[in-house]
Amino acid sequence: MTVQGNGYIFGEKHCEYMRRAFGSTINVAEGAVRAGKTVDNVFVFAALLEDSPDTFHLATGSTLGNAKLNLGDCNGLGLEHIFRGRSKWTRYRDNEALCVKTKRGERIIIFAGGKNSDSYKKIRGNSYGMWIATEINLHDDAIIQEAFNRQLAAGDRRIFWDLNPGAPNAPIYRDYLDKYEAMRRSGEVREDFYNYAHFTIFDNPVITKERFGEIAAQYDKSSVWYRRDILGQRCAAEGLIYRKFADNPEAFTVDSVRVQDIRFVNVGIDFGGNRSKTTFAASAFLAGSSGEADGTIVVLRDHAVGGGKGEIDAERINRECREFLDGLRRDYPGVYIRYIFADNEAQYLINGLRRYLAAHGETAKVQDAAKRRIADRIAFVNHRMAEGKFRIMRECTRLRDGLCGAAWDPDAADDRRLDNFTSDIDILDAMEYSIERYMNRTNS
């Protein structure tokens, strides 16, 4: 059975979770992508906001942008749409906020990001009634604890979390979800203290078989993300990271790329440190028939600065970077090199490189690498591979070896790349820096 109205369509499993949520303190929806988890929480949060005795409420995501996109907009089903005509985006004490007119007066929802260790500082100073969080497993523990503390004086304390499955022994399970479930089962807390539901993509009545096929096609079926995002399973990341590539590198290798197919090129730089080399990687974003980028990435060239591992010679890095760029322009005449993204932990090297290249007439902009979560960068590359939109030039032997040898750390509680110098992860970092800013907009 499905329930629908005003653009919302809920399956019976979702309806049952929401019915319980109206009377529960902590509500957690876990499961596959596109399963409808976030919409459930947004809908109940909005309904309870109408009669909430508390003025301030909290909405968080891994980043502020993520919170506003997934909770505020939510594909047209979010808070700003539910309260259309009686809400407005504003700022409150230097925080992004959605101000809503309810039956009981004005209510303010503070929006914030939660992935950084100092994120908790942004939500201090207020007492919150309800807290809704998307991708709670990507929040730093400090902001989780701070949010809980800020709800101690709430008139109607409510918590709504959603997440995609992760490693079974991840902190979010060990310290929160599994702990709450054990407390509920033992009778240590009331039955309505903890409301948990697990959803698969098939529980969402909006997803057709055709649409499911399109989503599944973005995944390598042997990858950890397929099991988590599509099957909705908690599972550990183990073995080779790029199994699909390692099994058949030749399938991802090309001998040439037409310059007219290249929309632009970005270069990534990972500066060497203890026992590691400084590496460069140049990635081309290809244009489709319309002339716009079609999401296909081809790594054109890789390079490691000479010298012993751990030896950082700024002058040599500057010189070899310039030679690297000159070589790209020689081999791909007229190519547009848009950005040089460098490891932002070495600002003195970045500043020196920027001055050096500017003095030699370089037009590509030197900027800090975004340094997104390594697990997210890995997932992005795996998705590109699964869709047939990731290639490397045959001459990129260092990158090929790095992709073939990259493995998960078997002793880590979360998803971490094994970093014991058995594989070249320096070139992987450089390659990821060159493409990571386009993870959510490969068509831009």
Would you kindly say whether [X] and [Y] are connected by a side-chain donor-acceptor distance under 3.5 Å?
| X | Y | result |
| --- | --- | --- |
| Tyr17 | Asn41 | yes |
| Thr134 | Asp162 | yes |
| Asp141 | Tyr176 | yes |
| Asp140 | Ser119 | no |
| Asp203 | His14 | no |
| Tyr194 | Glu181 | no |
| Thr279 | His303 | no |

Between [X] and [Y], does the ring centroid distance fall short of 6.0 Å?
| X | Y | result |
| --- | --- | --- |
| Phe212 | Phe202 | yes |
| Phe10 | Phe43 | yes |
| Tyr433 | Phe341 | no |

Glu135 side chain near Asn66 side chain, heavy-atom distance below 4.5 Å: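 Yes, at least one pair of side-chain atoms sits under 4.5 Å.
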Close side-chain approach of Asn70 and Cys74, heavy atoms under 4.5 Å: no
Chi angles and distances behind the salt bridge (charged side-chain N to carboxylate O under 4.0 Å, His left out) call for Asp376, Arg373: CA-CA 5 Å; Asp376 291 341; Arg373 292 175 66 248; 2.8 Å; yes
Pairwise salt bridge (charged side-chain N to carboxylate O under 4.0 Å, His left out) hits with a residue in residues 362-372, at least two apart: Arg329-Glu362, Asp343-Lys371, Glu345-Lys371
Before accepting this row, confirm whether a basic side-chain N of the pair [X]/[Y] lies closer than 4.0 Å to the acidic partner's carboxylate O.
| X | Y | answer |
| --- | --- | --- |
| Arg34 | Asp229 | no |
| Arg84 | Glu80 | no |
| Arg104 | Glu50 | no |
| Asp415 | Arg228 | yes |
| Arg417 | Asp419 | no |

Among Phe380, Tyr339, Phe264, the one residue meeting ring pair (Phe, Tyr, Trp, His ring centres under 6.0 Å) with Tyr438: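 Among the candidates, only Phe264 passes.
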Taken in chain and number order and not counting sequence neighbours, the residues that satisfy side-chain contact (heavy atoms from CB on, under 4.5 Å) with Ala358 are none
Residues in side-chain contact (heavy atoms from CB on, under 4.5 Å) with Lys244, at least two apart? Asp220, Phe252
Quick check with a 6.0 Å cut-off and a 45 degree axis cone: is [X] positioned over the face of [Y]'s six-membered ring?
| X | Y | value |
| --- | --- | --- |
| Lys37 | Trp161 | no |
| Arg234 | Tyr173 | yes |
| Arg150 | Tyr128 | no |

Report the residue from Arg86, Glu106, Arg91, Arg107 that forms a side-chain contact (heavy atoms from CB on, under 4.5 Å) with Cys99.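 In the set Arg86, Glu106, Arg91, Arg107, the residue that makes a side-chain contact (heavy atoms from CB on, under 4.5 Å) with Cys99 is Glu106.
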Okay, side chain of Glu432, backbone of Ile374: is any donor-acceptor separation there less than 3.5 Å?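 Judged by distance alone, no pair lies under 3.5 Å.
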So for atom CZ, which belongs to Arg416, do other residues, nucleotides or ligands contribute more than 12 heavy atoms lying within a distance under 6.0 Å?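 12 or below, so no.
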